[in-house]
Amino acid sequence: MSQEEAAQAEAVTLYRAYWQELERLYADEGADTGGLKEFAVGEALVSAEKDIKDMHGANQVITGKVLLGDPAVTKSEINGKIPKVFLSTCLDVSKWKVTTADTGKPLSLPSTRLTKYIVEATVEKWSEGWRVIRDRPQGKAC
């Protein structure tokens with residue numbers, strides 16, 4: 001395996017772990033999001049923390065599984081000052097259920113919402129390891 005292939009594999013592994021952590025945090029109203037820093041920084045971290053806080057502040061949790069398609073490496077820049085890997089994947093949130101935290105009752109959601117959509121992410125290698133810096137839904141079904 002080349003150095004570039006190894007970097008890409010590490011970035012994909014970290015991205016999968018990032019989504020497992022998000023799944024856990026959305027489901028636990030009392031969760032401390034501090035551990036998210038092991039997976040994300042910058043824009044991705046701020047956005048995820050805000051979304052989780054907003055949901056929990058509205059007495060909502062999300063339970064169920066997030067299904068992450070095989071992230072495809074669209075580009076990698078591993079020889080720069082900060083190695084980067086760019087990913088694209090299909091995120092399937094159709095098994096996620098939004099409920100009120102205190103009663104567990106499901107909330108009704110628009111039938112037109114996308115439940116399987118393309119996400120593009122940027123993962124960088126920092127001194128602490130690989131971190132997601134951007135994770136942006138593209139508004140396109142997959």
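In this chain, residues are counted from 1 in sequence order. All heavy atoms count here, side chains included; hydrogens, waters and symmetry mates do not. Here the structure is a predicted model, which means the values were calculated and not measured.
Under 3.5 Å, the side chains of D92 and Y117 contain no donor-acceptor pair of N or O atoms. If you check the side chains of E21 and W19, you find no donor sitting under 3.5 Å from an acceptor.
The aromatic ring centroids of Y26 and W96 lie less than 6.0 Å from each other.
Of all non-hydrogen atoms in H56 and D28, the two that sit nearest each other are CE1-O, 3.0 Å. When all heavy atoms of A44 and V132 are compared, the pair lying nearest together is CB-O, 3.6 Å. Heavy-atom minimum distance, L25 versus A31: CD2-CB, 3.5 Å. Between P83 and K81 the shortest heavy-atom distance is CD-O, 3.7 Å. Here the closest heavy-atom approach between residue P106 and residue T99 is recorded as CA-CG2, 3.9 Å. Heavy atoms only, all atoms of each residue included: V12 and P71 are closest at CG1-CG, 4.1 Å.
Annotation for E128: atom CD counts as buried by contact number, over 12 foreign heavy atoms lying within 6.0 Å. Atom CD of E38 has 12 or fewer neighbouring heavy atoms from other residues, nucleotides or ligands inside a 6.0 Å radius.
Every residue two or more places apart in sequence or in another chain was checked for a side chain to side chain donor-acceptor pair (under 3.5 Å) with K95, and none qualifies. Partners of D32 by side chain to side chain donor-acceptor pair (under 3.5 Å), not counting sequence neighbours: none found. Contacts of E120 classified as side chain to side chain donor-acceptor pair (under 3.5 Å), with partners at least two apart in sequence or in another chain: none.
Although no hydrogens or angles enter the test, the distance criterion places no donor-acceptor pair under 3.5 Å between the side chain of S47 and the main chain of E43. When atom types are taken as modelled, the side chain of Q138 and the backbone of R136 share a donor-acceptor pair closer than 3.5 angstrom. A donor-acceptor pair under 3.5 Å is absent between the side-chain atoms of T100 and the main chain of D102, judged by distance alone. When atom types are taken as modelled, the side chain of S2 and the backbone of E5 share a donor-acceptor pair closer than 3.5 angstrom. In this structure, the side chain of E124 does not engage the main chain of K84 through any donor-acceptor pair within 3.5 Å. Counting only distance, with no hydrogens or angles, the side chain of R131 and the backbone of K125 share no donor-acceptor pair below 3.5 Å.
Expressed to the nearest 0.5 Å, how far OG1 of T89 lies from CG of L67 amounts to 10.5 Å. One finds the CG atom of L91 at 11.0 Å from the CD1 atom of I118 (value rounded to the nearest 0.5 Å). Separating the CG atom in L107 from the CG atom in N59 is a distance of 9.0 Å, to the nearest 0.5 Å. Interatomic distance, Q8 CD to M1 CE, rounded to the nearest 0.5 Å: 9.5 Å. I62 CD1 to R24 CZ: the interatomic distance, rounded to the nearest 0.5 Å, is 14.5 Å.
No continuous path of ILVMFWY side-chain contacts below 4.5 Å connects V66 to V61, so the two sit in separate hydrophobic clusters. Following chains of ILVMFWY side-chain contacts shorter than 4.5 Å, one cannot reach I78 starting from F86, and the two form parts of different hydrophobic clusters. No continuous path of hydrophobic side-chain contacts links Y15 to V41 [ILVMFWY only; heavy atoms under 4.5 Å].
In this structure, the side chains of T13 and W130 stay at 4.5 Å or more apart for every pair of heavy atoms. When side chains are defined from C-beta on, M55 counts as touching V98, because their heavy atoms get closer than 4.5 Å. For the pair R16 and D70, the minimum side-chain heavy-atom distance is below 4.5 Å. Contact annotation: the side chain of K116 approaches that of S94 to within less than 4.5 Å [non-hydrogen atoms, C-beta and beyond]. At a threshold of 4.5 Å between non-hydrogen side-chain atoms, the residues I133 and W126 count as touching.
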Between L45 and F39, is a side chain to side chain contact (heavy atoms under 4.5 Å, CB included) present by the stated rule, with each step listed? CA-CA 8 Å; L45 177 63; F39 305 94; over 6 Å; no

Determine, stepwise, if the pair V123 / L87 fulfils side chain to side chain contact (heavy atoms under 4.5 Å, CB included). CA-CA 8 Å; V123 184; L87 305 172; 3.9 Å; yes

Please walk me through it: do L22 and I52 pass side chain to side chain contact (heavy atoms under 4.5 Å, CB included)? CA-CA 9 Å; L22 287 178; I52 292 164; 4.0 Å; yes

